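Here the structure is laid out as structure tokens; the discussion comes afterwards.
Computed from a predicted model, the values in this text were never measured in an experiment.
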Amino acid sequence: MRRLLVTMMAVVAMTGLAATVENEFFTVSTPDDSWFLANDDALRPYGARVDVTRLDARGSTLELARIDYIEGAFDPTLYLQKQVVEKKDIFCHAATDFTGIYYSTIAGFDAQSVGFKKSSNNYTYECEALAFNAGYGTFLVITAHRTGEPSLIGRIVGTLKCKANVTPLNSTSLMVQAAQAVVAKHHLPIGNNEHLSGVEMAPDTATLTLKVTVPYITKESVNVPAFVMTKRDAWFRQAPEALKFNLLLAAAKRERKLMRYLYVDTKGNEIGTLLIYPEEYEQVEQLEAERVAREEAARQATEEAERAAQEAAELAAKEKAEREVLEAARIEASKPIIYEVKRGDSLNKIAKQYGVSVQDIKNANPSIKNDKIQLGQKLTIPRKAALIE
């Protein structure tokens, strides 16, 4: 692939035509082929992924784009939330400052986007992740460019052309047709080591059948009624998210199809059948609404308890501060007054000035003899009992 890419670019250099690089899923046309000629290994296709990277003179990343094709149509908003915002995608492990998920467009498709930042090698990168559906597939495009630098790869991504089946699927029958093609290539994971090995519609088109292989049990080793009830309980627990996340199931719900899960072991022996009737979708929605209501009630109760605890703590702190102020005032009021005798003073005059008796002053000053005081003498004047209390 690398040799072919170099040869193709050499031809481009001679002919002056725009460079075009193709893989199984994409045609990427570059508006500036000189950059590819200087970086012949920049476009690295492997599997269903395309990576484009632009480097500076030191070999550090200036910007990059990563384009993934995921077989299986998922809700773009939930896909971004789970893979990007919740940092399950390896690129997003050190990401910060996520924006809310917002509407966008790419390659002519309606998409959902989320912005974030990432720091690496002392540089900060402005990043965006976009998710959109094309056929029975979900596309994830992640772009990042160094803060303050212009974006060239953004122009490349903007000219993206999908080579996959890009017809949006809006009905269960079209979803089934697309799913059959995907299942023919490989099983789709369902969960708990189960895999989807077949999808079909009944002749009356009212029933959607999902054939699920369960490799960890056999027909002989399972109690079928108990097995089906366990699967039914699990379905009701997982359905609210699954019906939103997987567009095939969401289409069945929207068009009120009877859903039939046919469970088989690895030898093809039927283990059990689980039927989900259209009216039960409403039960799922009701259960989900009740769960959301319980969580909201619990959240409000927690907030109310936290507010009550905070108010109680604030009241206790206020009462403590008031007690401390009163105690400080009481202590201050209990301290005696030191008075310096001035000209014309007498014990009687000083006693009247401070509202105490002459005997109170004499008791506090044992050095006073015969009620005589001297100019400049310092006397201890006791506080009035009313002030101390």
Inset, instruction - Mind checking the CD-CD spacing from Q283 to E279? Nearest 0.5 Å is all I need. - result: 7.5 Å
Legend entry - Distance in Å, K118 NZ paired with S120 OG, rounded so as to fall on 0.5 Å steps: 6.5 Å
At their closest point, which heavy atom of [X] faces which heavy atom of [Y], and how far apart are they?
| X | Y | result |
| --- | --- | --- |
| R146 | S60 | NH2-CB, 3.6 Å |
| Q377 | S367 | NE2-OG, 4.1 Å |
| M201 | V176 | CG-CG2, 3.7 Å |
| E126 | T147 | OE2-OG1, 3.0 Å |
| F132 | V141 | CE2-CG2, 4.3 Å |

Legend entry - Short N-O contact, D89 and R66, less than 4.0 angstrom: yes
Check whether any side-chain heavy atom of [X] sits under 4.5 Å from a side-chain heavy atom of [Y], and report yes or no.
| X | Y | value |
| --- | --- | --- |
| T273 | Y263 | no |
| C127 | T143 | no |
| I153 | H145 | no |
| M259 | Y281 | yes |

Inset, instruction - Tell me, yes or no, whether the heavy-atom count around D110 atom CG, taken from other residues, nucleotides or ligands under 6.0 Å, exceeds 12. - result: no
Inset, instruction - Answer yes or no: are there more than 12 heavy-atom neighbours, outside D233 itself, under 6.0 Å from its atom CG? - result: yes
Inset, instruction - Could you verify whether a donor N or O on one side chain and an acceptor N or O on the other, from D360 and Y354, lie under 3.5 Å apart? - result: no
